[in-house]
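What follows is a single structure, written as structure tokens, with notes after it.
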Amino acid sequence: MLLIFPVRDMQVSHPPTQSVSILLDTLPDPKVSEGVCPRRTRQQIDFLLLAIEALELGGSEAFLSDVKELGLQDIIDNRVTLWRIRATNSLRRNNQRRPLSFKEAKALVVIICHRARRLTVLIRQLLMVYDQLLEKQLSPDHHLRLSNYLERFRAHFRARMNPKRAGVIAYSSDEKLNELALELLSQLLFCTGTAGVQRLWSSLFDGEVE
């Protein structure tokens with residue numbers, strides 16, 4: 001019998017983030033075409049935010065709280081601005097035909113890492129449970145919390161992405177969306193480690209730098 005322990009929405013306590021503006025300044029502006037974030041970078045940032053929303057109810061509200069806590073109001077001043085920035089992901093149903101600036105992208109990366117650190121225990125446990133299920137050749141449906149995360153992610157993805165885009169059609173099956181959701185979990189765990197912000201920022205431009 002597979003031993004599966006209960007998973008709770010536990011959060012790791014951290015002191016208030018200090019000198020976020022200094023942190024943003026330490027993130028280099030990559031030398032990419034046209035000096036704005038490439039399409040893949042915009043998509044990856046939005047997908048990571050989508051995964052966080054699937055992990056915790058009220059995730060979108062948590063992002064706005066993080067904006068205030070981190071002092072990012074000069075970049076993201078309200079809910080509409082946050083939506084417009086995320087809608088630069090060209091796979092969205094109502095995407096914004098505007099570039100995503102490095103400053104905006106850096107703010108979202110800081111928010112992703114900040115939120116991921118608060119969810120470290122949950123993320124780690126879900127990945128551990130998934131490994132257990134793989135060893136026993138069982139599907140994620142055998143663990144309620146993992147199954148709920150995957151179900152919410154699929155629902156969010158399908159509700160917000162344009163089904164006519166080739167990049168969305170590639171994820172038309174539950175299996176492909178589950179794979180994406182699990183990959184994003186691993187990336188979020190990657191964000192929780194030492195220098196997580198810097199490491200995530202660099203990874204978003206792999207293969208894009210001139």
Side-chain angles (χ1 to χ4, degrees), residues 11-56 58-92 94-120 123 153 156-157 160-161 184-209:
Q11 296 187 343
V12 176
S13 297
H14 292 275
T17 303
Q18 300 294 324
S19 306
V20 172
S21 60
I22 295 176
L23 175 59
L24 295 180
D25 291 339
T26 65
L27 299 177
D29 290 350
K31 295 181 179 179
V32 295
S33 176
E34 301 180 2
V36 294
C37 293
R39 180 177 59 182
R40 187 185 68 84
T41 301
R42 302 194 305 267
Q43 292 174 1
Q44 193 64 27
I45 289 174
D46 191 31
F47 286 174
L48 286 167
L49 291 168
L50 205 67
I52 292 173
E53 288 175 319
L55 274 175
E56 57 175 352
S60 57
E61 293 299 322
F63 298 149
L64 295 173
S65 296
D66 290 342
V67 167
K68 294 180 181 179
E69 181 179 345
L70 296 167
L72 296 170
Q73 297 98 321
D74 61 328
I75 304 173
I76 305 172
D77 55 358
N78 55 44
R79 185 187 311 276
V80 174
T81 300
L82 176 60
W83 176 83
R84 286 175 177 168
I85 293 174
R86 293 185 63 181
T88 58
N89 174 6
S90 60
L91 297 183
R92 279 187 168 251
N94 299 306
N95 68 294
Q96 296 285 299
R97 297 184 181 278
R98 62 178 287 268
L100 178 65
S101 71
F102 290 144
K103 188 175 183 180
E104 291 169 336
K106 289 174 184 179
L108 292 181
V109 164
V110 170
I111 290 170
I112 289 168
C113 293
H114 181 71
R115 183 57 38 190
R117 281 193 294 270
R118 290 175 176 259
L119 294 167
T120 298
I123 294 169
F153 181 83
H156 289 339
F157 188 94
R160 301 177 192 182
M161 304 301 153
L184 292 168
L185 267 190
S186 295
Q187 285 183 271
L188 289 174
L189 186 61
F190 172 80
C191 297
T192 66
T194 303
V197 173
Q198 291 83 356
R199 292 195 300 165
L200 175 59
W201 179 250
S202 296
S203 73
L204 291 171
F205 296 93
D206 286 347
E208 303 285 352
V209 178

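One is the number of the first residue; the rest follow in order along the sequence. Because the structure is a prediction, the values reported are computed rather than measured.
- Between Val67 and Ile111, the closest heavy-atom pair is CG2-CD1, 3.7 Å.
- For the residue pair Leu200 and Phe190, the shortest heavy atom distance occurs at N-CE2, 3.8 Å.
- Atom CD of Gln96 is separated from atom CZ of Arg86 by 13.0 Å, given to the nearest 0.5 angstrom.
- For the pair Leu55/Leu185, a side-chain contact is recorded, criterion being any heavy-atom separation below 4.5 Å from C-beta on.
- Considering only heavy atoms from C-beta on, Phe153 comes within 4.5 Å of Leu184 through its side chain.
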Candidate pair Phe63 and Ile76, rule side chain to side chain contact (heavy atoms under 4.5 Å, CB included), full reasoning: CA-CA 10 Å; Phe63 298 149; Ile76 305 172; over 6 Å; no
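- Listed here is the closest heavy atom pair of Asp46 and Met161: OD2-CE, 3.6 Å.
- Residue Arg42 holds its CZ atom at 12.5 Å from CG of Leu108, rounded to the nearest 0.5 Å.
- Thr26 has its side chain out of reach of Trp201: every pair of non-hydrogen atoms, C-beta onward, lies at least 4.5 Å apart.
- Taking 4.5 Å as the limit, some side-chain heavy atom of Ile112 sits within range of a side-chain heavy atom of Leu49.
- Asp29 has a carboxylate O that lies under 4.0 Å from a charged side-chain N of Lys106, or vice versa, which qualifies the two as a salt bridge.
- In this structure, the side chains of Arg40 and Asp206 come closer than 4.5 Å at one or more pairs of heavy atoms.
- The structure places CD of Gln187 at 7.5 Å from SG of Cys191, a figure rounded to the nearest 0.5 Å.
- The closest side-chain donor-acceptor pair between Thr81 and Asn78 falls under 3.5 angstrom.
- Here the straight-line distance linking atom CG of Leu188 with atom CG of Leu119 works out to 8.0 Å at 0.5 Å rounding.
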Trace of the side chain to side chain contact (heavy atoms under 4.5 Å, CB included) decision for Arg117 with Cys113: CA-CA 6 Å; Arg117 281 193 294 270; Cys113 293; 3.8 Å; yes
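- No donor-acceptor distance shorter than 3.5 angstrom exists from the side chain of Glu61 to the backbone of Gly58, with no hydrogens or angles considered.
- Put simply, SG on Cys37 and CD on Gln44 are 12.5 Å apart, with the number rounded to the nearest 0.5 Å.
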Candidate pair Arg118 and Glu56, rule salt bridge (Lys or Arg N to Asp or Glu O under 4.0 Å), full reasoning: CA-CA 11 Å; Arg118 290 175 176 259; Glu56 57 175 352; over 6 Å; no
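- Between the CG atom of Leu70 and the NE2 atom of His114 there is a distance of 4.5 Å, given to the nearest 0.5 Å.
- Pairing each heavy atom of Ala87 with each of Asn94, the nearest pair is CB-O, 3.7 Å.
- Each of Thr41, Thr88, Asn89 was evaluated against Leu100; a single residue qualifies, Thr88, per the side-chain contact (heavy atoms from CB on, under 4.5 Å) test.
- Residue Arg98 places its CZ atom among more than 12 non-hydrogen atoms of other residues, nucleotides or ligands, all under 6.0 Å distant.
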Worked verdict on Leu24 versus Leu72 for side chain to side chain contact (heavy atoms under 4.5 Å, CB included): CA-CA 10 Å; Leu24 295 180; Leu72 296 170; 3.9 Å; yes
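- Between Ile45 and Ala105, the shortest heavy-atom distance links the atoms CD1-CB, 3.9 Å.
- Across all their heavy atoms, Ser90 and Arg39 have their closest contact at OG-CD, 3.4 Å.
- Taking the six-membered ring where tryptophan is involved, the planes of Phe47 and Phe157 are tilted, since the angle between them lies from 30° to 60°.
- Inter-residue side-chain proximity for Gln198 and Ser202 is flagged as unmet; no heavy-atom pair is nearer than 4.5 Å.
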